[in-house]
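Presented below is the structure to which this report refers.
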Amino acid sequence: MSLRVYNTLTREKETFQPLEPGKVSMYLCGPTVYKPAHIGHMVGPVIFDTVKRFLQYVGYDVTFVINITDVDDKLINKAHELGMTVKALAEQMTEDYFDNLRLMGVDSVDKFPYATDHIGDMLEMIQRLVDNGHAYPLDGDVYFSVTADDDYGKLSHRSVEQMLAGTRVEANNRKKNPADFALWKSSKADEPAWESPWGPGRPGWHIECSAMSSKLLGDSIDIHGGGLDLMFPHHENELAQSESASGKCFVRYWMHNGLMQSGKNTGKVGGQHDKHGDTSAEDQIAGKLAGSAGAESVKTAVFAHQHPEAVRFFLLSTHYRSPIDFSLENIANTAKGLEGIYRMFETVERICGTCPYSIEVPTSGENTTDLSALPAETAAELTALRGRFLDAMNDDFNTGGAIGNLFEMRKCINGFIAHNKLDQQATAEQKAGLLAAITLFRELGQLVGVFRKPIEKTTAADDGLVGGLMDLILELRADARKEKNWAAADKIRDQLKALNITVEDVKDGPARWQRG
RNA sequence: GGUACCGUAGCCAAGUGGCCUAAGGCGAUGGAUUGCAAAUCCAUUAUUUCGUGGGUUCAAAUCCCACCGGUACCUCCA
């Protein structure tokens, strides 16, 4: 089965075929770094990180770029408000963004270009547009002329007339057409400014992505991603600028992810770019989560409640084009499912003596895990599940469908353990088979970017003291159980439960414990 | 007003013309296991059903129409 991708431009799933065989260029619109990243900012990066992982798995050499918008009206206003320089605020917020990406396991991005590092490239592109009649200067500004572009509107599927029909505000009547948009804006005093042929100013709102993607990935790129909210006007304008400047097809596959919504509020909390739109809804979310007003970083707002891996898994458990209902309850639900997988890892480690996380995992479908050590029937079942997992991914990156197969694999592996009573006794061959099974599981898990490293060990003590005390207590309880002193054993377990520590007995081994 | 999107079990969610007498997770119920639990395994959990009503088709959750309900976007200088 070959990869099919839904292209917003054609509104159809198309067979994926990159411009250059074996290579894929991918650009994702990144954030305007004027405030801490919120959970919605994580949606795009997580999805496209997953897209890259899968493309690599099926053999492509992928270059993945996310831009950082570090000059923009919002940024300027916010910096003024805080009494900071634009640069300092941008740097601080970029760090926060990176922190959160790290926690979410987004580490496949090859380059994060900054808008301010590419002003020259933007000016070049603007000049080209002015020269070829697609743009015109006006009092220190430069506007893109939508009427000079005959297929303007093809991405969002609307005509200039339609767009103007709903315009609430009387547009600038100096422009040739009210729908014309700024490529370059003359700057007021006290605003960041760069020299240009049209006077000091700063770039318009869309030109950076056009200039940077062209500079870093070429005039024609394979995949351009972003939130659905960016389709218009941002991507439409990017498309118009780029194609008018280069005369080439700008993007082969436009991929737009659904936005995150919050239950009843259903306000938008998740564009990637924050190019426009008010922020009240997302502030509400952040405020609700953080228990205080004002936007909080994802780290404090969400990760304080749920492990980032659970959040990532949650984001990928629904289709990327659908809106996601964000709620801590939903993520907690996902987390419970994950817990069963972590338990399986622990069980495998206990049986095989090998930590599943330390296993080297194939990252290419070419050399997938060898399952020959397993009984034929089990191997066949796992192979079939792997096939269905890949089929789902090949069908427009259906991570939700793929993940279902991961859980079936869990059931299959746990069944293999239970039916053969491996937790009591396992032959070398059975251990090898079990390890192979868990390797395949991790091979697929890695594709959606999870199970790559152990989450904080639930049994890990905060300090030596708790660990030592727990060892002691559980030893005493084990002695009590040996003497069939159930009253004492149960009392210990119940009392620990009251302290939010769960104890579970393990056959032929020390009891397992964890907080919660 | 214009342009799109969504509505599948108690909850989350995949499936978008026949392999659907609809994946998977959470939850629930029964059984195995356990000193009792937990975990795990086995089984059951939408049964003319996929918002409602029509239609197309040999065949629809999947296509078309209407309706109901929910959502997003319609600019950059106001």
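Just so you know, these numbers use all the heavy atoms, side chains as well, and skip hydrogens, waters and symmetry mates. Convention: sequence-line order gives letters A, B, ...; per-chain numbering from 1.
- Pairs of Watson-Crick or G-U wobble type, with distances under 3.5 Å, assemble into runs of 3 or more in RNA chain B at these ranges: B:1-7 with B:68-74, B:10-12 with B:24-26, B:27-32 with B:40-45, B:51-55 with B:63-67.
- Listed by first and then second residue, the salt bridge (Lys or Arg N to Asp or Glu O under 4.0 Å) pairs that reach into residues 436-451 of chain A are A:R386-A:E443, sequence neighbours excluded.
- In terms of position along RNA chain B, the nucleotide closest to A:H419 lies nearer the 5' end than the nucleotide closest to the other residue of the pair A:H419 and A:F181.
- Donor-acceptor pairing under 3.5 Å is recorded for the side chains of A:Y320 and A:D396.
- What separates CG of A:L75 from C1' of B:C77 is a distance of 17 Å, to the nearest Å.
- When the C1' atom is used for both B:G7 and B:U62, the distance is 14 Å, rounded to whole Å.
- Atoms CD1 and CD1, on A:I417 and A:I351 in that order, are 4.5 Å from each other to the nearest 0.5 Å.
- Rounded to whole Å, the C1' atom of B:A14 lies 28 Å from the corresponding atom of B:G55.
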Q: Heavy atoms under 4.0 Å is the rule here; annotate nucleotides 28-39 of chain B 5' to 3' with B where the base is hit, S where only the sugar-phosphate is, and - elsewhere.
A: -------BBBBS

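- Atom CG of A:L444 is separated from atom P of B:G24 by 17 Å (rounded to the nearest Å).
- Rounded to a whole angstrom, the distance from the P atom of B:G27 to that of B:U33 is 23 Å.
- As judged by a 4.0 angstrom heavy-atom cut-off over every strand, A:R202 is placed among residues making no nucleic acid contact.
- For the P atoms, the distance from B:A61 to B:G17 is 13 Å, rounded to whole Å.
- Going from atom CZ of A:F232 over to atom P of B:C5 covers 17 Å, rounded to whole Å.
- The shortest distance between side-chain heavy atoms of A:F416 and A:L422 falls below 4.5 Å.
- Here the separation of B:A59 from B:C42, taken at their P atoms, is 39 Å to the nearest Å.
- Where A:G337 and A:K411 meet RNA chain B, the nucleotide closest to each residue was compared, and A:G337 sits on the side nearer the 5' end.
- Heavy atoms of A:K484 sit nowhere under 4.0 angstrom from any nucleic acid atom.
- Atom CG in A:N177 sits about 13 Å away from atom P in B:U75, given to the nearest Å.
- A side-chain contact (heavy atoms from CB on, under 4.5 Å) with A:I207 holds for exactly one of A:I126, A:L123, A:V142; it is A:I126.
- Heavy atoms only, all atoms of each residue included: A:A310 and A:T334 are closest at O-CG2, 3.9 Å.
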Can you name the atoms? Protein N/O to nucleotides 12-16 of chain B N/O, anything below 3.5 Å, with the distance.
from	atom 1	to	atom 2	distance (Å)
B:A14	OP1	A:H319	N	2.6
B:A14	O3'	A:N398	OD1	3.3
B:A14	O3'	A:N398	ND2	3.0
B:G15	OP1	A:N398	ND2	2.8

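- Of the candidates A:T147, A:N237, A:N177, A:N237 is the only one forming a side chain to side chain donor-acceptor pair (under 3.5 Å) with A:Y152.
- Rounded to whole Å, the distance from CD1 on A:I331 to P on B:C11 is 19 Å.
- Between B:C65 and B:C26, the distance separating the two P atoms is 39 Å to the nearest Å.
- B:G54 and B:G15: their P atoms are spaced 28 Å apart (whole Å).
- Which of B:U40, B:A23, B:C76 sits closest to the side chain of A:E408 comes down to B:A23.
- Under the side-chain contact (heavy atoms from CB on, under 4.5 Å) criterion, A:Q424 pairs with A:K421, A:K507, A:D508, not counting sequence neighbours.
- Remark: the separation of the P atoms in B:G25 and B:C5 is 31 Å, to the nearest Å.
- Between the CG atom in A:L230 and the NE2 atom in A:H224 there is a gap of 8.0 Å [rounded to 0.5 Å].
- A ring pair (Phe, Tyr, Trp, His ring centres under 6.0 Å) with A:F16 holds for exactly one of A:F397, A:Y253, A:F54, A:Y6; it is A:Y253.
- Applying the ring-ring contact (aromatic ring centres under 6.0 Å, His included) test to A:F389 and every residue at least two apart in sequence or in another chain returns nothing.
- Taking atom CZ of A:F407 as the reference point, atom C1' of B:C41 lies 17 Å away to the nearest angstrom.
- Figure legend: A:K176 and A:Y143 shown without cation-pi pairing, the cationic atom not lying both under 6.0 angstrom from the six-membered ring centre and within 45 degrees of its axis.
- Comparing atom distances between the A:K175 side chain and each of B:C76, B:C26, B:U75 picks out B:C76 as nearest.
- Here B:C76 presents its P atom at 10 Å from CG of A:D73, a figure rounded to the nearest Å.
- We find that CD of A:E329 is positioned 15 Å from C1' of B:G10, with the value rounded to whole Å.
- Rounding to the nearest 0.5 angstrom, the gap separating the OG1 atom in A:T32 from the CG atom in A:D72 is 4.5 Å.
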